Amino acid sequence: MTRLWWLPLLALFLSACQTRPLPTTDFTRPDQIQRWEMNGKLGYRTPEDGGSATFDWEQSPRHGAIHFSGPLGFGSAELTWRPGRARLETGKGEWQARSPGELAWHLTGFWLPVSALEYWSRGLVWPGAPAQAEENEAGQLVRLRQLGWNLEFDRYEPVGQVSLPHRIKARQDANHFTLLIREWRPLP
């Protein structure tokens with residue numbers, strides 16, 4: 001029996017190595033999702049330029065971060081923000097502004113409304129500006145006109161008990177972008 005003194009230590013060590021599953025909350029409406037992680041691809045086109053990048057987006061109610069890989073002539077970029085302060089870091093430099101939309105201009109050449117995208121990406125109208133919205137029979141946004149952008153939500157997929165957008169096409173004058181969301185991870 002004294003030879004097996006190490007068994008409880010081994011069990012303790014192995015239990016410490018196990019990853020614990022994230023607690024999940026069953027959301028029934030997109031507006032209940034306040035924290036998330038998602039990844040996908042952003043493509044854009046302007047009269048002067050165009051490009052695409054993969055992205056990893058982490059969002060909570062008071063701050064957000066988007067990491068772009070292979071984007072838009074920068075190699076990689078990190079856009080972070082909290083109320084009243086945003087920062088963009090790339091291989092070509094670092095910029096700061098009051099909003100993430102101002103800094104997204106450095107990546108795309110046009111004003112990308114990141115604050116509104118926090119809502120649009122969940123299939124919601126941004127509450128910060130007037131909008132004209134069209135919904136389907138399931139109550140999901142199909143078309144939205146807001147901030148001068150015309151958006152089409154043409155692909156929803158179930159994520160738990162909620163259907164969330166997986167492709168959003170947007171146009172404002174000659175500027176276009178497409179947000180293709182590969183994976184959604186709503187967080188409690």
Side-chain angles (χ1 to χ4, degrees), residues 25 27-46 53 55-68 71-72 77-89 94-136 138-157 159 162-181 184-188:
T25 304
F27 299 103
T28 57
R29 297 185 331 263
D31 63 335
Q32 294 172 322
I33 301 169
Q34 300 296 311
R35 297 181 64 237
W36 71 80
E37 295 174 356
M38 70 170 150
N39 62 60
K41 188 170 185 173
L42 170 70
Y44 79 97
R45 178 143 321 275
T46 70
F55 69 87
D56 292 296
W57 185 334
E58 296 177 23
Q59 185 66 47
S60 68
R62 303 272 308 152
H63 57 85
I66 305 174
H67 177 79
F68 295 97
L72 331 162
E78 186 81 25
L79 178 61
T80 58
W81 65 93
R82 58 186 63 248
R85 185 172 158 209
R87 189 176 107 216
L88 175 64
E89 211 174 323
E94 183 178 322
W95 296 269
Q96 295 190 22
R98 293 187 47 80
S99 76
E102 294 175 58
L103 296 175
W105 180 86
H106 289 284
L107 295 173
T108 62
F110 61 86
W111 185 280
L112 186 65
V114 178
S115 298
L117 269 174
E118 292 178 33
Y119 288 83
W120 296 347
S121 64
R122 292 177 285 161
L124 301 170
V125 174
W126 182 51
Q132 296 173 327
E134 182 182 327
E135 297 178 344
N136 63 18
Q140 300 164 332
L141 277 179
V142 176
R143 285 180 199 64
L144 175 65
R145 181 167 173 76
Q146 192 171 33
L147 298 172
W149 287 94
N150 293 303
L151 296 105
E152 292 181 22
F153 301 76
D154 66 349
R155 186 183 304 160
Y156 282 82
E157 293 182 21
V159 178
V162 179
S163 287
L164 295 171
H166 278 257
R167 184 167 63 185
I168 302 168
K169 296 177 183 178
R171 180 178 43 83
Q172 181 186 59
D173 301 323
N175 299 320
H176 303 264
F177 75 83
T178 300
L179 188 68
L180 181 62
I181 302 167
W184 261 107
R185 289 182 303 279
L187 303 172

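All of these numbers come straight from a predicted model, not from anything done at the bench.
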Any sub-3.5 Å donor-acceptor pair from Arg167's side-chain atoms to Leu180's backbone N or O?
no
Which heavy atom of Leu141 sits nearest a heavy atom of Gly123, and at what distance?
CD1-O, 3.4 Å
So how far is it from Leu103 CG to Glu89 CD, rounded to the nearest 0.5 Å?
11.5 Å
Verdict with reasoning, Thr178 to Arg45, per side-chain contact (heavy atoms from CB on, under 4.5 Å):
CA-CA 9 Å; Thr178 300; Arg45 178 143 321 275; over 6 Å; no
Cation-pi check for Phe27 against Arg29: NZ or CZ below 6.0 Å from the six-membered ring centre and within 45 degrees of the axis, yes or no?
no
Give a yes or no on whether the backbone of His63 and the side-chain of Gln59 come within a donor-acceptor separation of less than 3.5 Å.
yes
With distance as the sole test, does Glu102 use its side chain to make a donor-acceptor pair with the main-chain N or O of Ala86 at under 3.5 Å?
no
I'd like to know if the side chain of Tyr156 and the backbone of Val142 have a donor-acceptor N/O pair within less than 3.5 Å.
no
Is a side-chain donor or acceptor of Trp184 paired with a backbone partner of His166 at a separation under 3.5 angstrom?
no
Could you tell me whether a side-chain N or O of His67 sits under 3.5 Å from a main-chain N or O of Glu78, the two making a donor and an acceptor?
no
Where do Ile33 and Val159 land on the side-chain contact (heavy atoms from CB on, under 4.5 Å) test, with the steps shown first?
CA-CA 11 Å; Ile33 301 169; Val159 178; over 6 Å; no
Quick one: side chain to side chain donor-acceptor pair (under 3.5 Å) partners of Arg155, sequence neighbours excluded?
none
Side-chain contact test, heavy atoms from C-beta onward, threshold under 4.5 Å: evaluate it for Phe55 versus Leu179 and give yes or no.
yes
Please enumerate all residues that pass ring-ring contact (aromatic ring centres under 6.0 Å, His included) together with Phe177, with sequence neighbours excluded.
Trp149
Criterion side-chain contact (heavy atoms from CB on, under 4.5 Å) on Glu118 and Trp36, from CA distance to verdict:
CA-CA 10 Å; Glu118 292 178 33; Trp36 71 80; 4.2 Å; yes
Does Leu164 reach the side chain of Pro30, with side-chain heavy atoms less than 4.5 Å apart?
yes
Closest non-hydrogen atom pair, Ile168 against Ser121:
CD1-CA, 3.8 Å
Would you check if there is a donor-acceptor pair between the side chains of Gln146 and Trp120 at a distance under 3.5 Å?
yes
Start with the C-alpha gap between Trp81 and Ile66, add the side-chain angles, then the distance that decides, and say whether side-chain contact (heavy atoms from CB on, under 4.5 Å) holds.
CA-CA 9 Å; Trp81 65 93; Ile66 305 174; 3.7 Å; yes
Spacing of Arg171 atom CZ and Arg145 atom CZ [to the nearest 0.5 Å]
8.0 Å
Has Gln132 got more than 12 heavy atoms of other residues, nucleotides or ligands less than 6.0 Å from its CD?
no
